[in-house]
Amino acid sequence: QLQASGGGLVQAGGSLRLSCALFGSRISINVMGWYRQAPGKQRESVATLTGGGDTVYADSVKGRFAISRDSAKNTMFLQMNSLKPEDTAVYYCNANLMVLYGDYVGPRDYWGQGTLVTVSS
């Protein structure tokens with residue numbers, strides 16, 4: 001359902017844009033977001049975007065990262081600017097969708113495969 005791309009190696013202070021393509025049928029989007037997991041650490045939320053357009057950012061990325069969605073292209077983005085070595089992690093996209101389960105509609109969570117971002121000092 002989700003395919004993430006755009007990771008890579010960048011120097012500190014540089015920028016990257018991650019993309020997450022959303023495939024398959026759905027009734028609606030509850031929330032989509034980006035998460036990351038650095039080596040030896042737990043997965044953490046980076047930025048989320050509700051179906052209504054509300055955004056929430058981790059304190060560590062506020063003012064540097066921006067989450068957005070192109071509904072026509074079924075794609076979510078994470079623009080990452082002023083990258084720091086501590087941003088190095090595998091980044092995952094997530095979507096909580098309302099889908100059809102036979103005769104009823106309910107939520108379902110999806111995860112992308114992850115894309116590695118490495119920021120060198």
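Excluded from the calculations below are hydrogen atoms, water molecules and symmetry mates; all remaining heavy atoms, backbone and side chain alike, are included. Being a predicted model, the structure only gives us computed values, none of them experimental.
Within the model, atoms CE of Met98 and OH of Tyr104 stand 10.0 Å from one another, a figure rounded to the nearest 0.5 Å. Here CD of Gln11 is found 13.0 Å from OG1 of Thr118. Values are rounded to the nearest 0.5 Å. With rounding to the nearest 0.5 angstrom, the CE atom of Met76 is 5.0 Å from the SG atom of Cys93. Between atom CG of residue Leu2 and atom CG of residue Asp109 there is a gap of 9.0 Å, rounded to the nearest 0.5 Å. Between atom OG of residue Ser68 and atom CZ of residue Phe77 there is a gap of 6.0 Å, rounded to the nearest 0.5 Å. Atom-to-atom distance recorded for Arg69:CZ and Thr55:OG1 is 11.5 Å, nearest 0.5 angstrom.
In terms of heavy atoms, Ser15 sits closest to Asn81 at OG-OD1, 2.9 Å. Of all heavy-atom pairs between Ala4 and Gln113, the closest is O-NE2, 2.8 Å. Closest approach of Ser45 and Thr48 over heavy atoms only: OG-CG2, 3.8 Å. Heavy-atom minimum distance, Ile67 versus Gly33: CD1-CA, 4.1 Å. Scanning all heavy atoms of the two residues, the minimum distance from Ala47 to Tyr57 falls at CB-CD2, 3.6 Å.
Judged by distance alone, with hydrogens and angles left aside, the side-chain atoms of Arg64 form a donor-acceptor pair with the main-chain N or O of Ser60 at under 3.5 Å. For the pair Asn94 (side chain) and Tyr110 (backbone), a donor-acceptor distance under 3.5 Å is present. Judged by distance alone, with hydrogens and angles left aside, the side-chain atoms of Tyr91 form no donor-acceptor pair with the main-chain N or O of Gln37 at under 3.5 Å. In this structure, Thr115 contributes its side chain and Ser5 its backbone to no donor-acceptor pair below 3.5 Å.
Clustering ILVMFWY residues whenever any of their side-chain heavy atoms sit less than 4.5 angstrom apart, transitively, puts Leu97 in the very cluster that holds Tyr101. Under the 4.5 Å side-chain heavy-atom criterion for grouping Ile, Leu, Val, Met, Phe, Trp and Tyr, Val90 is not connected to Met80 through any hydrophobic cluster. Val56 and Leu49 are assigned to two separate hydrophobic clusters, defined by single-linkage of ILVMFWY side chains at heavy-atom distances under 4.5 Å. Leu22 and Tyr35 fall into different hydrophobic clusters, defined by Ile, Leu, Val, Met, Phe, Trp and Tyr side-chain heavy atoms under 4.5 Å apart, directly or through other members.
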Apply side-chain hydrogen bond (donor to acceptor under 3.5 Å, both in side chains) to Asp70 and Thr75, showing your working. CA-CA 5 Å; Asp70 184 332; Thr75 304; over 6 Å; no

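Salt bridge annotation for Lys84-Asp87: absent, with no cationic side-chain nitrogen under 4.0 angstrom from a carboxylate oxygen.
For Arg43 and Tyr92, the positive end sits near the middle of the six-membered ring, less than 6.0 Å away and at most 45° from its axis.
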